Amino acid sequence: MILLDRAIRYAERVVAGKEITTKEVIIQCKWFLIDLKKQNNDDFKFYFDEDKLKIINNLLKLFNFATGFVAGKQVLENLADFQCFFLANIFGWRFKDKPEKFRYNDITLYIARKNAKTALVGIAFLLLMLTEQDYSEFYSICLNRELAAEIRKAMVQILEASPLIAKHFTWSETEIGPVKCKITKSFFKPRTAESGKNNSIRPSAFVSDEHGNFKDNSNFTAMKSGQKNVINPLLFRTTTAYAIDNSIMQDDLEYMKKVFNGLVKNERQFALLYYAEEEHLWDDIGMYQANPLRIEENYETIREDRDRALEQQSLVEEYLTKSMNYFMPANSGEAFITIDELKPCKINKFNWKGREVYIGVDLAETDDNTAVSMLTYDEDTKKIIAKSWAFVPKERVEMKSKKEQVDYKEQIRQKNCYACGDDVIDYEFVEDFILNIEEEYKVEIVKLGYDRRNALSSAQKLESKGNIECVEVVQHSRILHAPIKLLKESILSKSFNYLDNKLLEINFENARETKDTNLNKYLNKKKSKGKIDLVMSIIDALYLLQEDIMLDSEMDCTIQVI
């Protein structure tokens, strides 16, 4: 079977390093090959249905491409390997107990311009119209109806080039009219981007085309809410990068990368993320990463565009966004540290007995996360070692787990997190926890650093009850720049270590770094992609430690976090 054979070939080449691509594509390919082997395991709820994929394979023999270098040629014979991989995963994977139900219901194709994205998605929707339940409804949405009609246009062009399959479809002459399948009585139609006009429809599948151009989720959410009573709902995101702020695609990419990094589990997400890594934006490696359709004529055009962009600043934005698939938001903030930079820094244990320690506290609003970190400096090894804990309201554990896509129950079981209070944090529990640190770990607390906004009362109690010197750490970039710089440089130099703590990993991946007018670095909670309380508590403690022992970021020190 051509479709399956080429999908496997692509996955094997990617995993073997024979294809220049992104980390996320490599992981998706690894999962595919691993899952093919374990599909017969009783505890694995999915299977790969080769019989159903064979139907798709044979249908593709009836389709012809309409445009480009393959115009007039049969689709099946001329699909690129990555396109076969895309289609095989969508149509092949099923639930064992419900073979009619697709495994993947959240599908993303993030890819540079001129890689046949629109044609590929158009083919997928034509196949769905032929094979899904009778009277199914299929839609595309985009920022305006004309753009949404681009996929419809690709579908019509393919049908006009494919007489063997076109006889089973009808379509109107208008650009936004429906495409109908005579066999299943299903139809495809472009929709407006106005969410209020999409609340009454019932899409079996829809595609948010040029998803990166949306700045709010209302239209996407309206379409998704219409799928509640659909047996086999599917949603597709397809897009190239944009030079805009607040694109909803950036949040989606953050979530997808958490899934790929193992921070969040989602077995129903399928995503092919093709983009140039930042260090390869101006070389051929980045070009190959962002453009998997291996057409040399396209690559020559991209090289020409790159040469012009190097000479003309006005062409840089177009080159980076469309050819390298690189988002260029002006105000979103940069990632503070990546999970790939952090993960090699794990340790398993540390003996705290007899240590002088500094405590950092980030007391959030009473119904949100609170964090406590403990740091010490080892004179012999020139290392800073830290241990962190989170605190959440007990009654909000389920809600927070769903909203943040974090398994708080598991983190509580591992004692990375504590549930206290009911709907709000029990500050007394947190205060008692801090007061017990000295006895629990056989340490001496030198100072405790806190953010005045929510911790003033608790700081006063800790001073009176535990005789702990509490110091306000002003949350301003001129104060926090030095410990933030030290923390980041320690991680990048691979001298930052931590015991397996998923909450801490998630916090670091969420953190976004910005600069003030004096170029001082600070972490912006509003622009971060989720909770960063644990990171902030480490920074508060590090500020005090750095101040007391005159430690600066130029010194050879190691930070270890447990």
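These numbers were taken from a predicted model, which means no experiment stands behind them.
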For a side chain to side chain contact (heavy atoms under 4.5 Å, CB included) check, start with the C-alpha distance between N291 and Y274, then their side-chain angles and the critical distance, and finish with the verdict.
CA-CA 7 Å; N291 299 270; Y274 296 104; over 6 Å; no
Show the numbers, then the answer: is there a side chain to side chain contact (heavy atoms under 4.5 Å, CB included) between L3 and F91?
CA-CA 11 Å; L3 202 56; F91 290 98; over 6 Å; no
Go through the steps for K343 and E509 under the test salt bridge (Lys or Arg N to Asp or Glu O under 4.0 Å), then give the verdict.
CA-CA 11 Å; K343 272 192 171 181; E509 180 134 287; over 6 Å; no
Side chain to side chain contact (heavy atoms under 4.5 Å, CB included) for I539 and L523? Distances and angles first, verdict last.
CA-CA 10 Å; I539 290 169; L523 302 188; 3.6 Å; yes
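Between F85 and F32, a ring centre-to-centre spacing shorter than 6.0 Å is recorded. Ring centroids of H211 and F220 are separated by less than 6.0 Å, placing the two rings close together. Aromatic pair F206/F138: centroids not less than 6.0 angstrom apart.
Summarising the geometry, atom CD1 belonging to I231 is positioned 7.0 Å from atom CD belonging to E100; distances are rounded to the nearest 0.5 Å. Taking OG1 of T321 as the reference point, atom OH of Y319 lies at 11.0 Å (rounded to 0.5 Å).
With respect to W93, the ring pair (Phe, Tyr, Trp, His ring centres under 6.0 Å) criterion is satisfied by exactly one of Y47, F48, F46: F48. Between Y255 and the options D252, D251, V259, a side chain to side chain contact (heavy atoms under 4.5 Å, CB included) holds for only V259. Tested against K258 for a side chain to side chain contact (heavy atoms under 4.5 Å, CB included), the candidates L253, N510, V406, I339 yield a single pass: N510.
When atom types are taken as modelled, the side chain of N232 and the backbone of F102 share a donor-acceptor pair closer than 3.5 angstrom. The backbone N or O of S136 lies less than 3.5 Å from a partner atom in the side chain of S186, making a donor-acceptor pair. Formation of a donor-acceptor pair under 3.5 Å by the N325 side chain with backbone atoms of A241 is found in this model. Put simply, the side chain of T22 gets close to the backbone of L273: a donor and an acceptor are under 3.5 Å apart. Without hydrogens or angle criteria, R294 side chain to Y288 main chain gives a donor-acceptor distance under 3.5 Å. Side chain of Q289 to backbone of E277: a donor-acceptor contact under 3.5 angstrom is found. Between the side chain of K322 and the main chain of A112, no donor-acceptor pair closer than 3.5 Å is present. A distance-only check finds a donor-acceptor pair linking the side chain of N507 to the backbone of L534 [under 3.5 Å].
Under the 6.0 Å distance and 45° angle rule, K257 does not count as a cation-pi partner of Y110.
Side-chain contact, T338 with E341: a donor N or O sits under 3.5 Å from an acceptor N or O. Of the N and O atoms on the side chains of D216 and S218, at least one donor lies less than 3.5 Å from an acceptor on the other residue.
Between R9 and E12, none of the side-chain N atoms (NZ, or NE/NH1/NH2) sits under 4.0 Å from a carboxylate O, so this pair counts as no salt bridge. The pair K394-D426 fails the salt-bridge criterion, with no side-chain N (NZ, NE, NH1 or NH2) lying under 4.0 Å from an Asp/Glu carboxylate O. Salt bridge D368/R396: absent, no basic N to carboxylate O contact under 4.0 Å.
Legend: side-chain hydrogen bond (donor to acceptor under 3.5 Å, both in side chains) pairs involving residues 27-44, not counting sequence neighbours, sorted by first then second residue: D35-R103.
At least one side-chain heavy atom of L480 sits under 4.5 Å from a side-chain heavy atom of M536.
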